[in-house]
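Ligands are counted one by one from 1 in listed order, and the atoms in each one are counted from 1 as well.
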Amino acid sequence: MEKETCTFSYCAKPEIVEVETDLLIIGGGMSACGTAYEAARWATPKGLKVTMVDKAATDRSGAVAMGLSAINTYVGDNKVEDYVRYVRNDLMGITREDLVFDLGRHVDNSVQLFEEWGLPIWKMGDDGFSLDGFQAKDAGKATLKDGGKPVRSGKWQIMINGESYKAIVAEAAKKALEYNRQATGVAQNHYERVFIVKLYHDANDPKRVAAAAGFSVRENKIYLFKAKAMCLGAGGAVNCFRPRSVKEGQGRAWYPVWNSGSGYALGMQAGAELTMMENRFVPARFKDGYGPVGAWFLFFKAKATDSFGNDYCANPEWTAEAKQKYGKYVDAMGTAIRNHFMMKAMKEGKGPIIMRTDEAMDAINKTFVEKLGEKEGKKKVKHLEAEAWEDFLDMCIGQAGLWACKNIEPDKTPSEIMPTEPYLLGSHAGCAGFWCSGPGDIAGAPAEWSWGYNRMSTVPGLFMMGDIVGASGHKFSSGSHAEGRIAAKSALAFIFDHADYKPVIKQTSDEIAGELYLPYEVYEKNKTYSTDPAINPNYIRPQMLQARLQKIADEYFGGISTWYMTSKTMLEEGLKQLQMLKEDSMKMAANNLHELMRCWENYHRILSVEAHARHILFREESRYPGYYYRGDFDLIDDNNWKVFVNSKYDAEANTWEMKKIPYVQIVS
Ligand code: SFD
Ligand code: AMP
């Protein structure tokens, strides 16, 4: 289908704003805030400009928007090597251990900064009981930096009062940007509510990225940022698969619905190599509200069972059967395998799966009263009950709302948990993302895993961080921030090393504006053809485009409707359907700026899903049982597939190259 361009005959031409900067940060989430903080510090004395562009308001943008109740990666007294082992175990044996080790050795510093900036962190009290962050401050407990002992929910996780977590981290980033702005004398270096659609290569060096274009979601303006290097931290991909929530509930998802795969799509279109895009995350979550389970499992020590009270992870027959297919990985009992057994129970009709919150609170009550006596014990329990609510009020308000409207008091009534629809991400318990350069100083890492600049993708000048760095999951919020800081330093080194470089692109700003605003023109040109502007043979509105994408992903690529099962034949048919959807996306139509964003978000999702499906098709095994299954290869085949799967998309030719890269274990 021939691609149209917008000639602005039907819609108003936007103002085109050109911004020249040295370092461009795309995104305003955890990793991007880390980049801003670190970059400003090193760039400013050298007179380099740092600019951040976020599709939303940075105070509350990204996955941490609502806040969190735990920081899931704090190494503390643990060994970094053990962190690497934990990540490797949970991600079924294949991770870039150089990247994971590098993260592990840096992450704590970010957490200590959060505390310095005002984030209340729980500490152990003198009586051996936990104090929440405010109580700890009142009691004069030492900060983490000064040796304070955090309250560990699990080996790697620490508890926080985190409703304002993102606002605190954003404040530090904004201050750093402002320091850089004043020193470099620019009028503005923080752009909010600007959605980046596409990256552009340099006119003289077609491998290198030189510019990023986007549009304001509030004003009739296009932005063209020219930069010497870019740090991309635009998050993972949500709402790619048909969600379990329906109708007006569809705004509910576990991960942020506003992270629409831009991180993947922008890098892919620029030609950056991907790795492990077959991976996905299917979180077990409190049913319908999507409330996270970690604090309940680890901190409150709640048990999840089938409806008959059986621990579905401890069924000897199921374990033996799983071991035959998935071997030693079953013993590690990582997140995917735990899901596998939950799904087994549900498929055998033993659901609903129940999180025994009532029993956990009861046990806590007994211990507290035993140790502290009736009065003091009950007082402490009351406080913990409030924390149980706050766990969700901090990071998943909808779940607290759902409990309230269903008359659920977690200390009295247990709740259902359920595997959700799949998400594509690389910072939580998943590892889908880009193939990035490692730090280069880790003994045992192959020399070809490092090409000079830590976290640079295979595209010169384009650095990745957070959710879109592949093969190195379990970074979570703190690790993403730390990774943003790592990327900042190497991007600046790259800029210093190429001091004479001036970004130039082939495309004119009018051509770029025409491409970005095309969905407007398509709508305006055709809207009177039918009586209902939502239905028209000449265009497709974003809601329908998204429904079609989700249906294809769900039914062919192993979503909830097939219990995460797919196969070669299913994937091939789905990819055919996806190809047609991709063609139809040339006819996306938008009737306002919000819809324009929805159009491009969907386009980014389509590319992310395509990468995901092609990787699953290439890897002929079921590496992640409990996340997805290949019905035709329902086994883990270490002999042939203990390898990274990498791919490269050629956006011009619409073709893919796939290959295997040997896995190397670095930590014994
Ligand atoms: O409970 C564009 N996460 C948890 N981390 C923890 O440490 N503890 C927890 O408790 C965690 N849990 C949790 C978590 C997330 C969510 C949603 C819930 C619960 C409910 C994970 C972390 O939040 C996550 O690892 C990091 O935030 C990832 O950081 P990063 O930087 O990769 O992504 P981001 O923060 O989502 O930011 C993305 C930014 O990009 C912007 N953006 N900007 C311009 N143009 C475009 N086209 C853009 N597209 C996106 C966004 O606005 C945003 O600023 S629990 O489950 O375990
Ligand atoms: P979640 O709330 O499920 O995102 O989990 C938060 C943290 O707790 C992550 O580090 C998880 O890996 C970990 N976690 C969650 N559930 C369990 C469990 N049943 N056993 C061990 N770790 C868990």
Side-chain angles (χ1 to χ4, degrees), residues 25-35 52-58 60-74 86 90 111 153-160 162 165-166 169-170 191-198 212 214 217 232-238 253-263 265-266 281 283-286 290-299 302-304 313 333-335 338 391-392 394-396 398-399 417 423 425-430 433 464-469 473-481 483-484 597 600-601 604:
I25 307 168
I26 303 177
M30 286 307 289
S31 60
C33 284
T35 313
M52 181 196 260
V53 52
D54 187 352
K55 78 187 264 195
T58 303
R60 288 279 174 187
S61 69
V64 185
M66 270 193 267
L68 295 175
S69 55
I71 287 178
N72 286 345
T73 311
Y74 184 70
Y86 152 68
D90 206 81
V111 180
S153 41
K155 184 167 180 178
W156 305 102
Q157 301 83 356
I158 62 172
M159 300 295 287
I160 58 173
Y165 186 10
K166 182 66 206 303
V169 171
Y191 295 81
E192 296 179 287
R193 303 196 187 282
V194 174
F195 182 90
I196 296 297
V197 175
K198 210 172 162 181
V217 300
L232 181 55
V238 178
W254 161 68
Y255 222 45
V257 289
W258 41 85
N259 282 5
S260 53
S262 296
L266 294 171
F281 182 34
R285 287 294 175 257
F286 281 92
Y290 290 87
V293 295
W296 276 99
F297 271 131
L298 303 180
F299 183 71
K303 299 253 174 320
C313 288
M333 200 52 88
T335 314
R338 288 198 303 272
D391 179 36
F392 290 142
D394 273 353
M395 68 174 164
C396 186
Q399 184 67 52
I417 60 171
Y423 296 83
L425 47 78
S427 77
H428 203 283
M464 307 298 191
M465 49 215 203
D467 265 330
I468 56 167
V469 175
H474 288 272
K475 292 176 273 211
F476 297 101
S477 60
S478 47
S480 298
H481 191 268
E483 192 161 54
M597 180 176 75
W600 287 114
E601 283 182 343
H604 289 171

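- Ligand 2 has a nitrogen or oxygen under 3.5 angstrom from a nitrogen or oxygen of Arg338.
- Side chain of Thr35 to main chain of Gly484: a donor-acceptor pair is present (N/O by atom type, distance under 3.5 Å, no hydrogens or angles).
- Between Met30 and ligand 1, at least one N/O pair is under 3.5 Å apart.
- Using modelled atom types, one side-chain atom of Tyr423 and one backbone atom of Trp254 make a donor-acceptor pair closer than 3.5 Å.
- The closest donor-acceptor contact from the side chain of Glu483 to the backbone of Gly466 lies under 3.5 Å.
- Of the N or O atoms in Asp467, one or more lie within a sub-3.5 Å distance of an N or O in ligand 1.
- Side chain of Lys166 to main chain of Met30: no donor-acceptor pair is present (N/O by atom type, distance under 3.5 Å, no hydrogens or angles).
- Contact analysis puts Ala70 in contact with ligand 1, with a non-hydrogen atom separation below 4.0 angstrom.
- Looking at Met464, Arg285, His474, Lys55, it is Lys55 that brings a heavy atom closest to atom 48 (C) of ligand 1.
- Near Gly62, meaning under 4.0 Å from any of its heavy atoms, are these atoms of ligand 1: 34 (P), 36 (O), 37 (O), 53 (C), 54 (O).
- In this structure a side-chain-to-backbone donor-acceptor pair under 3.5 Å is present from Gln399 to Tyr290.
- For Thr73, there are no side-chain hydrogen bond (donor to acceptor under 3.5 Å, both in side chains) partners at least two apart in sequence or on another chain.
- In terms of protein heavy atoms, atom 17 (C) of ligand 1 is closest to Ala63 O, 3.1 Å.
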Using the side-chain contact (heavy atoms from CB on, under 4.5 Å) rule, take Val169 and Val64 through it: C-alpha gap first, then chi angles, then the decisive distance, then the call.
CA-CA 10 Å; Val169 171; Val64 185; over 6 Å; no
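- The protein heavy-atom contact nearest to atom 12 (O) of ligand 2 is Tyr86 OH, 3.7 Å.
- Checked against a 3.5 angstrom limit, the closest N/O atoms of Ala32 and ligand 1 fall outside it.
- Among protein heavy atoms, the minimum distance from atom 4 (O) of ligand 2 is reached at Arg285 NH2, 2.7 Å.
- Below 4.0 Å from some heavy atom of Gly235 lie the following atoms of ligand 1, by number and element: 33 (O), 38 (C).
- Distances from ligand 1 to the non-hydrogen atoms of Thr73 include no value under 4.0 Å.
- Of all protein heavy atoms, the one lying nearest to atom 25 (O) of ligand 1 is Ser427 OG, 2.5 Å.
- Between Tyr86 and Lys155, the closest side-chain pair of non-hydrogen atoms is not below 4.5 Å.
- For the pair Cys33/Thr58, a side-chain contact is recorded, criterion being any heavy-atom separation below 4.5 Å from C-beta on.
- You'll find the side chain of Met395 stays beyond 4.5 Å of the side chain of Ile160, heavy atoms only.
- Each of the following atoms of ligand 2 lies closer than 4.0 Å to a heavy atom of Gly294: 1 (P), 2 (O), 3 (O), 5 (O), 6 (C), 8 (O), 15 (C).
- Contacts between Leu298 and ligand 2 below 4.0 angstrom, taking non-hydrogen atoms only, involve the side chain exclusively.
- For atom 37 (O) of ligand 1, the closest non-hydrogen atom on the protein side is Gly29 CA, 3.1 Å.
- The protein non-hydrogen atom at the shortest distance from atom 28 (C) of ligand 1 is Ser480 OG, 3.4 Å.
- When all heavy atoms are compared, the tightest approach of Gly291 to Cys396 is CA-SG, 3.6 Å.
- The atoms of ligand 2 that sit less than 4.0 Å from any heavy atom of Phe476 are 9 (C), 10 (O).
- The N/O atoms of Asp54, backbone and side chain alike, include one that comes under 3.5 Å of an N/O atom in ligand 1.
- Residue, atom and distance of the protein heavy atom nearest to atom 55 (S) of ligand 1 are His428 NE2, 3.5 Å.
- Contact annotation: the side chain of Pro283 never approaches that of Pro292 to less than 4.5 Å [non-hydrogen atoms, C-beta and beyond].
- In this structure, Ser260 and Glu601 approach most closely via the heavy-atom pair OG-CG, 3.3 Å.
- In this structure, the protein non-hydrogen atom closest to atom 16 (N) of ligand 2 is Phe297 CD1, 3.3 Å.
- Under 4.0 Å from ligand 1, not a single heavy atom of Tyr290 appears.
- Residues Trp600 and Phe195 keep their aromatic ring centres 6.0 Å or farther apart.
- When atom types are taken as modelled, the side chain of His428 and the backbone of Asp467 share no donor-acceptor pair closer than 3.5 angstrom.
- For ligand 1, one of its N or O atoms has an N or O atom of Ser31 under 3.5 Å away.
- Protein heavy atom closest to atom 50 (C) of ligand 1, with residue, atom name and distance, is Ala234 O, 3.2 Å.
- Nearest non-hydrogen protein atom to atom 4 (C) of ligand 1 is Leu68 CD1, 3.6 Å.
- Remark: distances from the non-hydrogen atoms of Gly233 to ligand 1 include one below 4.0 Å.
- Atom numbering of ligand 1 starts at 1 in the shown order; those under 4.0 Å from a heavy atom of Gly27 are 40 (O), 41 (C), 43 (N).
- Counting heavy atoms from C-beta outward, Phe286 and Val293 have side chains that approach closer than 4.5 Å.
- The contact set between ligand 2 and His428, taken as ligand atoms under 4.0 Å from a residue heavy atom, comprises 4 (O).
- Counting heavy atoms closer than 4.0 Å to ligand 2, residue Asn72 contributes side-chain atoms (C-beta onward) but none from N, CA, C or O.
- Two rings, from Tyr255 and Phe281, have their centers 6.0 Å or more apart.
- A donor-acceptor pair under 3.5 Å links the side-chain atoms of Lys55 to the main chain of Trp258, judged by distance alone.
- For atom 46 (C) of ligand 1, the closest non-hydrogen atom of the protein is Ile196 N, 3.8 Å.
- Residue Gln157 has at least one nitrogen or oxygen atom sitting less than 3.5 Å from a nitrogen or oxygen atom of ligand 2, judged on distance alone.
- On a distance-only criterion, Ser262 and ligand 1 share at least one N/O pair closer than 3.5 Å.
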